[in-house]
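For this chain, numbers begin at 1 and follow the sequence in order.
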Amino acid sequence: GLYKGSLVFTAGAQKTELPVEVTVHGFTLPERPSLRVVFSFFEGPYKQWFGIKTMSEEQRRNIFSFLQEYRLAPNNIYQADIYPEPDWLSKLPGVNFCTLGYYGPKKSLEDSELDEKVAKLKDNYAKAKAAGVPQDAIYHYSFDEYGPFSKAAKDNYIPDTARRYMERVNRELPGLKLMQTSLPLPPFDTWWN
């Protein structure tokens with residue numbers, strides 16, 4: 001149908017109105033969004049804003065549904081574990097973006113700690129797949145904003161820890177999408193894909 005409206009621009013005493021007419025033809029949005037949108041919903045600030053200690057299952061369902069209506073995956077790339085939890089993922093139709101838990105240690109890793117972190121990541125990967133999340137929608141985010149010019153890159157423990165962790169994840173979970181907010185420069189271009 002035909003939709004009519006206007007845009008109003010104001011600057012000081014100046015005001016301009018621009019009429020807009022749009023003809024919308026019948027179409028149906030695809031059930032699954034085509035774009036991956038990295039969006040982080042933080043339950044802590046939400047609960048603080050509304051002065052609540054816990055959120056009921058109904059509140060969480062309403063929030064997740066609201067986000068999905070706006071084609072956002074209910075997610076938080078900074079959570080230590082899968083968010084929302086795997087049992088929620090199976091209830092959310094069309095999830096096209098899921099992260100397996102953030103990882104960014106604040107110290108050098110011993111081999112035993114590295115074994116533990118990679119085992120946890122593999123477990124989360126299996127849980128996400130079992131919940132029905134498509135392979136191409138599963139990601140892992142690590143070492144927040146770690147780049148060649150960041151303070152973290154200059155800290156002695158980070159480069160070795162990042163290298164060891166990322167090489168191991170690449171080797172043991174081939175094909176897992178590894179996200180990073182750094183520049184695609186060596187060696188980062190081989191650690192994250």
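Counting only N and O atoms by type, the side chains of Tyr141 and Thr181 include a donor and acceptor under 3.5 Å apart.
In this structure, Glu21 contributes its side chain and Leu2 its backbone to no donor-acceptor pair below 3.5 Å. Lys15 places no side-chain N or O within 3.5 Å of a backbone atom of Val8 that could act as its donor or acceptor partner. Although no hydrogens or angles enter the test, the distance criterion places no donor-acceptor pair under 3.5 Å between the side chain of Asn124 and the main chain of Asp81. Gln14 places no side-chain N or O within donor-acceptor distance of the main-chain N or O of Ala11, the cut-off being under 3.5 Å. A donor-acceptor distance shorter than 3.5 angstrom exists from the side chain of Tyr102 to the backbone of Asp144, with no hydrogens or angles considered. With hydrogens and angles ignored, the 3.5 Å screen pairs no side-chain donor or acceptor of Asp123 with any backbone N or O of Ala119. A side-chain donor-acceptor contact under 3.5 Å links His140 to the backbone of Gly101. Asn76 contributes no side-chain N or O that, together with a main-chain N or O of Ser40, makes up a donor-acceptor pair within less than 3.5 Å. The backbone N or O of Leu109 lies less than 3.5 Å from a partner atom in the side chain of Arg164, making a donor-acceptor pair.
Contact of the Lys4 side chain with the Pro19 side chain is not registered, since no non-hydrogen atoms from C-beta on lie closer than 4.5 Å. Under the 4.5 Å side-chain criterion, counting only non-hydrogen atoms from C-beta, Leu121 is not in contact with Glu172. Looking at Gln135 and Lys129, their side chains come closer than 4.5 Å, going by heavy atoms from C-beta outward. No side-chain heavy atom of Lys91 sits less than 4.5 Å from a side-chain heavy atom of Arg60. For the pair Arg71 and Val37, the minimum side-chain heavy-atom distance is 4.5 Å or more. Put simply, the side chain of Phe143 does not reach to within 4.5 Å of the side chain of Trp191, judged on heavy atoms. Residues Cys98 and Ile82 form a side-chain contact, since some pair of their non-hydrogen atoms from C-beta on lies under 4.5 Å apart.
The shortest heavy-atom contact between Pro86 and Lys127 is CG-CB, 3.9 Å. Shown here for Asp136 and Arg36, the closest heavy-atom pair between the two residues is O-NH2, 2.9 Å. The minimum heavy-atom distance linking Ser108 with Glu113 is given by the pair O-OE1, 3.9 Å. In plain terms, the two heavy atoms of Met179 and Phe97 that are nearest each other are SD-CE1, 3.7 Å. For the residue pair Pro74 and Pro84, the shortest heavy atom distance occurs at O-CD, 2.9 Å. For Pro134 against Val95, the heavy-atom pair with the smallest separation is CD-O, 3.8 Å.
Using a cut-off of 4.0 Å between Lys/Arg side-chain N and Asp/Glu carboxylate O, Asp111 and Arg168 are scored as not salt-bridged. Ion pairing between a basic and an acidic side chain is recognised when a charged N comes within 4.0 Å of a carboxylate O; Glu167 and Arg171 show no such pairing.
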Audit row: Phe41, Gln79, side-chain contact (heavy atoms from CB on, under 4.5 Å) steps and yes/no: CA-CA 10 Å; Phe41 171 71; Gln79 288 289 120; over 6 Å; no
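Note on ring orientation: taking the six-membered ring where Trp is involved, the planes of Tyr103 and Tyr165 are tilted (angle from 30° to 60°).
One finds the CG atom of Asn75 at 10.0 Å from the CG atom of Leu67 (value rounded to the nearest 0.5 Å). Note that the OH atom of Tyr83 and the CG atom of Leu100 stand 16.0 Å from one another [nearest 0.5 Å]. Summarising the geometry, atom CD1 belonging to Ile77 is positioned 11.0 Å from atom CZ belonging to Phe39; distances are rounded to the nearest 0.5 Å. A distance of 10.0 Å separates CD of Glu43 from OG1 of Thr54, quoted to the nearest 0.5 Å. Here the straight-line distance linking atom CG of Leu176 with atom CG of Asn193 works out to 7.5 Å at 0.5 Å rounding. From Leu173, atom CG reaches atom CG of Leu178 across 8.0 Å, with rounding to the nearest 0.5 Å.
At most 12 non-hydrogen atoms from other residues, nucleotides or ligands lie less than 6.0 angstrom from NZ of Lys117.
Residues Phe50 and Tyr46 place their aromatic rings such that the two centres sit under 6.0 Å apart.
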